[in-house]
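All values reported here derive from a predicted model rather than from experimental measurement. Throughout, numbering of the chain's residues begins at 1 and tracks the sequence.
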Amino acid sequence: QVQLVESGGGLVQAGGSLRLSCAASARTFSGYGLGWFRQAPGKERDFVSVITWTGGYTYYADSVKGRFTISRDVAESTLYLQMNTLKSEDTAVYFCAAGFLDAWPPRSYDYWGQGTQVTVSS
């Protein structure tokens with residue numbers, strides 16, 4: 001059984017930084033990509049970034065490239081998202097997810113966390 005639990009959300013001023021964590025429980029995520037998505041009020045869930053559990057290859061949405069950094073600690077089974085130079089438009093609920101690497105980036109994600117709220121005040 002796979003569980004993903006996000007933490008680290010909160011309120012931050014524009015220009016500030018925040019680091020999200022996602023504690024993942026599974027026997028192994030080999031062959032999977034772990035990603036971050038976000039959903040703003042009244043909008044669809046959008047892709048943010050993904051990393052391969054093995055090898056650490058990364059992929060970013062254009063909107064966060066150069067500001068956000070995804071990483072993972074395999075030994076701790078934890079996924080991270082370092083968010084710098086935050087903007088008001090980054091305000092959203094952020095979700096972590098795991099998807100099988102049938103393509104790059106993964107075409108779908110099978111497991112989802114419950115989300116953590118990030119609010120950026122201008």
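Within the structure, the salt bridge (charged side-chain N to carboxylate O under 4.0 Å, His left out) test picks out no pair touching residues 68-89 (sequence neighbours left out). Annotation: disulfide (SG to SG under 2.5 Å) contacts involving residues 23-85, sequence neighbours excluded, are absent. Pairs of residues two or more places apart, or lying in two chains, that qualify as side-chain hydrogen bond (donor to acceptor under 3.5 Å, both in side chains) and include a residue from residues 111-122 are E6-Q114, Q117-T119.
Once rounded to the nearest 0.5 Å, the distance linking CH2 of W36 with OH of Y94 reads 10.0 Å. For the atom pair CG (L81) and OG (S71), the distance works out to 8.5 Å, reported to the nearest 0.5 Å. Between atom CG of residue L101 and atom OH of residue Y32 there is a gap of 9.5 Å, rounded to the nearest 0.5 Å. Distance CG/D102 to OG/S108: 5.5 Å, rounded to 0.5 Å.
Between F100 and Y109, a ring centre-to-centre spacing not shorter than 6.0 Å is recorded.
Here Y80 is tied to no hydrophobic group at all, with no ILVMFWY side chain closer than 4.5 Å.
Of all heavy-atom pairs between D90 and R67, the closest is OD2-NH1, 2.7 Å.
Criterion: ILVMFWY side-chain heavy atoms under 4.5 Å apart, direct or through other members. Under it, F37 and W104 are part of a common hydrophobic cluster.
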What side-chain donor-acceptor pairs closer than 3.5 Å can you find for residues 11-25, not counting sequence neighbours?
| unit_1 | atom_1 | unit_2 | atom_2 | d |
| --- | --- | --- | --- | --- |
| S17 | OG | N84 | OD1 | 2.9 |
| S25 | OG | Q3 | N | 3.1 |
| S25 | OG | Q3 | O | 3.4 |

Sequence neighbours left out, cut at 3.5 Å: what donor-acceptor pairs do the side chains of residues 40-56 make with other protein atoms?
| unit_1 | atom_1 | unit_2 | atom_2 | d |
| --- | --- | --- | --- | --- |
| S49 | OG | Y59 | O | 2.9 |
| T52 | OG1 | T54 | O | 2.9 |
| T52 | OG1 | G56 | N | 3.1 |
| T52 | OG1 | Y57 | N | 2.8 |

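Within the 4.5 Å cutoff, the side chain of F95 has no heavy atoms near those of the R38 side chain.
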Derivation and outcome, side chain to side chain contact (heavy atoms under 4.5 Å, CB included), residues V74 and F29: CA-CA 9 Å; V74 174; F29 281 110; over 6 Å; no

